[in-house]
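Remarks on the structure that follows.
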Amino acid sequence: MATGRGLVSFISAAAAAILAIFVFLLLNPSRRHLIWFRDSAADLVVRNATIYTSVASIPFAEAMAVRNGRILRIGTDAHVRGLIGYRTHELNLEGKVVLPGFIDSHVHLISGGLQMGRVKLQGIKSKEDFVMTVKEAVKDKLPGDWLLGGGWNNDIWGGELPDASWIDDITRDNPVWFVRMDGHMGLANSLALKLAGITNSSLDPVGGTILTTSNGADPTGLLIDSAMKLVLTVIPEISVHERQEALIRASKYALMNGVTTMVDMGRYFPGASVDDSWQDLSDVYKWADSSGKMLIRVCLFFPLQTWSRLRDLFEDKGRSLSQWIYLGGVKAFADGSLGSNSALFHEVAVHAIGDKANDMVLDLFNSVKSINEGRDHRFRIEHAQHLVPEAISRFGVQSVIASVQVNELKHAYYWFYIPKFLDF
């Protein structure tokens, strides 16, 4: 009986204490942050900052509260203080600037990550530097190992295109494949040409060119667009582990530059397999998502030839596979690039790249839109690099997105033009 009375007394005391707490909160609303309810407290509170909001009514704020990756509240320090709980991490930025994450509208994310672990030729300013970089890189290779890399830009050293003779003497035992910065041309050494079966009698494949010496006697080692497939097919397949590491490596690089979302055009280049982007979705992106290793959000594009497969995935899963992975659309090639001499022109001119290609695509989009009225097509032209004057206004009239990439920045690889398109 005594025990029963003790239990009743304990319950009564506890109820009184809880009632007292609620009365205290009602009478002292400014002190409610002292009670740390798990469903209301923030994970992170940023204070003493200069936060750019991109909202016209309040362009800058000094504090921000975040929970589960979402902004709960933004404003003054006093406005946010009520969301601080015992598990909240407080960050005093001492006046430093906070910006919304940048969105890069056109990258090849896994290709970029792979290149970061290969021979880096971006920024090379002379033939001598090119050769010296290759000479240093081949020292760590065993006979028969492929030497892969890229990022070279012949415009930097005056325009002369490299050829296999530059590096054959120092790479006799190692096949070489170096992609130009635009991804539309690559350099193979003589051993790689031999493995690919490319000789002076080889014919240009549809959609590509095997460059030859001035007298047409021998291949120079340079392959353009679909001709690159001749070498790509003999390079050992990239392992799943390598591609997974490449995603993490590239994502960390992006975050270091303030980029939190990327529109990934995949590993699909002229001459590459249309299956590569789909393999990366299943082997890399879904793996990273399920294992908690996604560091940035991605919007994925796939080769136009596989549109029906993407349509089926849309119908089954919708556009958002998770909070990290979104399905964007399909991509096709209308031409190549100026640097690799594969752009499509109305007239040939140094300062006009792809004007005819842009007109053709705008005409195509206009035709498709007229057949499918009333739909939000989100047509995009990647690069839209050179236009005839009349074409400029057509983008606005037809509601076509001009996905423009500016010149590459120092220390950025050709697939990382950071920032290219900032979207707050």
Side-chain angles (χ1 to χ4, degrees), residues 108 110-200 202 210-213 218-224 227-243 245-246 249-250 253 267 269 271-272 339-340 408 410-416:
H108 303 278
I110 295 178
S111 296
L114 290 169
Q115 171 57 21
M116 291 173 72
R118 295 173 175 175
V119 183
K120 300 176 178 64
L121 297 171
Q122 65 278 358
I124 295 294
K125 297 181 179 179
S126 68
K127 173 182 176 180
E128 292 72 26
D129 288 344
F130 189 103
V131 174
M132 184 57 65
T133 301
V134 177
K135 188 174 183 178
E136 287 297 315
V138 80
K139 287 181 179 179
D140 298 327
K141 296 293 183 179
L142 297 174
D145 287 347
W146 278 82
L147 192 62
L148 304 173
W152 57 271
N153 181 4
N154 52 298
D155 293 333
I156 296 178
W157 62 71
E160 179 187 5
L161 288 169
D163 62 54
S165 65
W166 287 19
I167 56 176
D168 274 346
D169 287 345
I170 57 177
T171 59
R172 294 182 184 277
D173 300 322
N174 299 93
V176 172
W177 178 245
F178 295 145
V179 181
R180 192 180 185 275
M181 63 168 291
D182 55 17
H184 289 271
M185 175 188 283
L187 173 66
N189 67 349
S190 293
L191 179 55
L193 292 175
K194 181 179 179 180
L195 292 173
I198 299 173
T199 67
N200 55 9
S202 297
I210 302 171
L211 292 187
T212 59
T213 53
D218 298 295
T220 65
L222 290 169
L223 306 175
I224 299 176
M228 298 191 294
K229 186 175 183 179
L230 301 173
V231 168
L232 292 176
T233 54
V234 297
I235 296 175
E237 185 176 352
I238 304 167
S239 71
V240 173
H241 179 67
E242 286 179 292
R243 289 184 280 131
E245 283 192 330
R249 187 185 301 124
Y253 178 83
R267 288 191 295 135
F269 292 95
S340 60
E408 62 174 335
K410 187 177 181 182
H411 303 311
Y413 303 113
Y414 78 88
W415 38 78
F416 282 146

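Here the structure is a predicted model, which is why all the values come from computation and not from measurement.
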| said: Between L191 and T171, does the side-chain contact (heavy atoms from CB on, under 4.5 Å) criterion hold? Intermediate values first, please. | reply: CA-CA 8 Å; L191 179 55; T171 59; over 6 Å; no
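- Not a single donor-acceptor pair under 3.5 Å links the side chain of R267 to the backbone N or O of S111.
- Side chain of N189 to main chain of I167: no donor-acceptor pair is present (N/O by atom type, distance under 3.5 Å, no hydrogens or angles).
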| request: Please lay out, stage by stage, how I210 and L230 fare under the test side-chain contact (heavy atoms from CB on, under 4.5 Å). | output: CA-CA 10 Å; I210 302 171; L230 301 173; 3.8 Å; yes
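- Contact check for F130 versus L187: side-chain heavy atoms found under the 4.5 Å cut-off.
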Could you pull out all donor-acceptor pairs under 3.5 Å where a side-chain atom in residues 137-147 meets a protein atom, sequence neighbours excluded?
residue, atom, partner, partner atom, Å
K139, NZ, E136, OE2, 3.1
D145, OD2, L142, N, 2.9

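- Paired with I124 under the rule side chain to side chain contact (heavy atoms under 4.5 Å, CB included), one option of N153, I156, D129, V134 passes, and it is D129.
- Rounding to the nearest 0.5 Å gives a distance of 5.0 Å between OG1 of T220 and CG of L211.
- Residues that satisfy the side chain to side chain donor-acceptor pair (under 3.5 Å) test with T213, not counting sequence neighbours, are N215.
- Using a 4.5 Å heavy-atom threshold, the side chains of L161 and M185 count as touching.
- Distance CG/D163 to NZ/K127: 7.5 Å, rounded to 0.5 Å.
- From R249, atom CZ reaches atom CG of L114 across 7.0 Å, with rounding to the nearest 0.5 Å.
- With rounding to the nearest 0.5 angstrom, the OG atom of S239 is 8.0 Å from the CD atom of E245.
- Side chains of V234 and W177 form no contact here, defined as non-hydrogen atoms less than 4.5 Å apart.
- Listed here is the closest heavy atom pair of A164 and G221: CB-CA, 4.4 Å.
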| request: List the steps, then state whether salt bridge (Lys or Arg N to Asp or Glu O under 4.0 Å) holds for R180 with D155. | output: CA-CA 11 Å; R180 192 180 185 275; D155 293 333; 3.5 Å; yes
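- Summarising the geometry, atom NZ belonging to K120 is positioned 12.0 Å from atom CZ belonging to F178; distances are rounded to the nearest 0.5 Å.
- Ring geometry for W152 versus W157: interplanar angle under 30°, hence parallel rather than tilted (30 to 60°).
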